[in-house]
2 protein chains.
Amino acid sequence: MTPASEPRWLTEAEQDAWYAWRRMFPLVNAEIARDLGQDSGLSEADYDVLSVLGQTDGHRMRISALAELMRWSRSRLSHQLTRMEQRGIVRREEVATDGRGAEVVLTDTGVAAITDAAPLHVKSVRRHLIDILTPEQLQALAEVGEVLRHRFGAARKGRD
Amino acid sequence: MTPASEPRWLTEAEQDAWYAWRRMFPLVNAEIARDLGQDSGLSEADYDVLSVLGQTDGHRMRISALAELMRWSRSRLSHQLTRMEQRGIVRREEVATDGRGAEVVLTDTGVAAITDAAPLHVKSVRRHLIDILTPEQLQALAEVGEVLRHRFGAARKGRD
DNA sequence: TCTACCTGGTTGACACGTCACTCACATAAC
DNA sequence: GTTATGTGAGTGACGTGTCAACCAGGTAGA
């Protein structure tokens, strides 16, 4: 085999960005997740599901619709719901119009959980991320997110 | 109980930043991890361990030193090494000077794995992140990373 | 020496995510 | 109606990460 042409290794500036990227997310997210667990007994996954359901009419949604909204795989959501159901914060219900379908419903416990957790969570997010950065830095983050979102939206073609 | 004072909810700009933050990292990392798996049969965790060991003298390191360098828990590293050892890319060896200690060593297979994987990985990182962003955006990321690193360095006090 | 503590490292239980597979119901083609 | 195909959802195996408990070997003080 002829040797592959030497790849374009990262410049120093690019390495800085890449290492920052790799480091900062786990760092911040671990702190926020820890807070969430200690303050409210919830994982980030729990919180995400609860907060979406908490904003829906009747605190219920078709499972596949929820998965699509959250951009989770159905499998992932199914596993998550199983764990949440065992803890009594959500409940699955069959849906009359389609024998295959099912809905998730927040239980009263679930409603209480997300209601109690939300203010503490905001505080935590502020403390570990938002309030640390300048408005310019926040805007830069949003901008980068936007660029990447478009890039991947395009890459995934019709799948969206 | 008296109701807690209304928390400072996120402004729209802050929400944009927060959602971007939450979304972009899994998005990009999933792509890069997928590439790594398909191109080289490695997970990101594998790659990280291999690339550190690949740069050390004799392709070996004390396990606790490796954990500290990577900022992994010893437990996490131990689990990871067990899996890697089963696949033959690293090997554990006892160390003579300390009856408790152990070293990890790259096997020949491991050396080959990281050597082959590195150029492909750089290409993937460029494609999914670095080459998509402008130098200004890369710099903004590095800067944000720096701010957060300091913030958490301070928060963790002497633990570093 | 005996004891107490520290340290390096492993282990087990559990939460989480992915993948591939399965199963039941729905729908369209014939 | 029967058959093929699609779709909603769950399951099992496995990789990964955390936490707490454990164990063996070192170290220091009585």
Side-chain angles (χ1 to χ4, degrees), chain A residues 22 25-27 29-38 40-50 61-87 89-105 159, chain B residues 22 25-27 29-38 40-50 61-87 89-105 159:
Chain A
R22 289 300 305 276
F25 286 90
L27 205 63
N29 277 9
E31 299 286 328
I32 293 177
R34 198 174 44 70
D35 280 355
L36 197 51
Q38 288 181 353
S40 315
L42 298 173
S43 68
E44 287 197 284
D46 294 334
Y47 187 91
D48 288 345
V49 170
L50 290 178
M61 195 181 298
R62 263 304 270 276
I63 289 182
S64 53
L66 181 56
E68 191 171 352
L69 181 61
M70 301 182 69
R71 296 171 190 251
W72 282 20
S73 72
R74 279 206 288 275
S75 168
R76 175 182 179 183
L77 182 55
S78 182
H79 282 302
Q80 180 66 29
L81 292 180
T82 299
R83 291 185 294 260
M84 294 174 77
E85 198 170 18
Q86 278 164 1
R87 289 160 45 212
I89 53 183
V90 300
R91 186 175 4 104
R92 281 187 241 237
E93 285 185 8
E94 294 177 4
V95 47
T97 56
D98 188 331
R100 300 164 297 184
E103 285 183 334
V104 220
V105 193
R159 264 198 278 158
Chain B
R22 289 299 305 276
F25 190 71
L27 205 64
N29 271 22
E31 299 286 327
I32 293 177
R34 200 175 43 70
D35 280 356
L36 197 51
Q38 289 182 352
S40 315
L42 298 173
S43 69
E44 287 197 287
D46 294 334
Y47 187 90
D48 288 345
V49 172
L50 290 179
M61 195 181 298
R62 262 306 270 276
I63 288 181
S64 54
L66 181 56
E68 191 171 352
L69 180 60
M70 300 181 69
R71 295 169 190 252
W72 282 19
S73 71
R74 280 206 288 275
S75 167
R76 175 181 179 184
L77 182 55
S78 182
H79 282 302
Q80 180 67 29
L81 292 180
T82 300
R83 293 185 293 262
M84 293 175 77
E85 197 169 19
Q86 277 164 1
R87 292 160 44 213
I89 53 184
V90 300
R91 187 176 4 106
R92 281 187 242 238
E93 285 184 9
E94 294 176 5
V95 45
T97 56
D98 188 332
R100 300 163 298 182
E103 286 183 334
V104 219
V105 193
R159 265 199 277 157

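In this text the structure is predicted, and so the values were computed from the model without any measurement. In what follows, every chain begins at residue 1, and chains take the letters A, B, ... in the order their sequences are listed.
Regarding contacts with the backbone of D/dA9, every side-chain N or O of A/Arg100 stays at 4.0 angstrom or more from both OP1 and OP2. OP1 and OP2 of C/dC19 both lie 4.0 Å or more from every side-chain N or O belonging to A/Ser73. Contact annotation: B/Thr82 does not reach the phosphate of C/dT10 (side-chain N/O to OP1 or OP2, under 4.0 Å). Applying the 4.0 Å criterion to OP1 and OP2 of D/dC14, one finds that B/Arg83 has every side-chain N and O outside that range.
Rounding to whole angstrom units, CG of residue B/Leu81 and C1' of D/dT16 are separated by 13 Å. Residue B/Glu85 contributes atom CD, which lies 9 Å from atom P of C/dT10 at whole-angstrom precision. B/Arg71 places its CZ atom 15 Å from the P atom of D/dT18, with the value rounded to the nearest Å. Counting to the nearest Å, the C1' atom of C/dA24 and the CD atom of A/Glu94 are 12 Å from each other. Rounded to an integer number of Å, the gap from CD of A/Gln80 to P of C/dG17 is 6 Å. Atom C1' of nucleotide C/dC16 and atom CZ of A/Arg74 are separated by 20 Å, given to the nearest angstrom. At whole-Å resolution of the value, CZ in A/Arg91 and C1' in D/dA9 are 18 Å apart. One atom, CG of B/Asn29, and another, C1' of D/dG15, lie 16 Å apart when rounded to the nearest Å.
The two atoms that bring B/Arg87 and B/Gly41 nearest to each other are NH2-O, 3.6 Å, heavy atoms only. The two residues A/Arg62 and A/Gly101 come nearest to each other via the heavy atoms NH2-CA, 3.5 Å.
For A/Leu42 and B/Gly101, each mapped to the nucleotide of DNA chain C holding its nearest heavy atom, the one lying further toward the 5' end belongs to B/Gly101. For the pair B/Asp46 and A/Val95, both in contact range of DNA chain D, the more 5′-proximal nearest nucleotide belongs to A/Val95. Between A/Thr97 and A/Glu44, the residue whose closest nucleotide on DNA chain C is further toward the 5' end is A/Glu44.
In the interface, the side chain of B/Ser75 is paired with the base of C/dT11 through a donor and an acceptor atom under 3.5 Å apart. Side-chain to base pairing of B/His79 with C/dG9: no donor and acceptor N or O lie closer than 3.5 Å to each other.
Residue-level contact check: A/Ser78 touches the bases, meaning some heavy atom is under 4.0 Å from a base atom. Backbone-only contact: B/Arg92 has heavy atoms under 4.0 Å from sugar-phosphate atoms and none from a base.
Between the side chains of A/Gln80 and A/Arg83, at least one donor N or O sits under 3.5 Å from an acceptor N or O.
Side chains of B/Val49 and B/Trp72 form a contact here, defined as non-hydrogen atoms less than 4.5 Å apart.
Side-chain proximity of A/Trp72 to D/dG8, C/dG17, D/dG17: nearest is C/dG17. Here D/dA9 is the nucleotide among D/dA9, C/dT18, D/dG25 with the atom lying nearest to any side-chain atom of A/Arg62. Of the candidate nucleotides C/dT10, C/dA26, D/dG17, D/dG17 has the atom nearest to the side chain of B/Arg76.
Counting non-hydrogen atoms of neighbouring residues, nucleotides and ligands closer than 6.0 angstrom, the CD atom of B/Glu68 reaches no more than 12 such neighbours.
Atom OG of A/Ser73 is separated from atom CZ of A/Arg71 by 14.0 Å, given to the nearest 0.5 angstrom.
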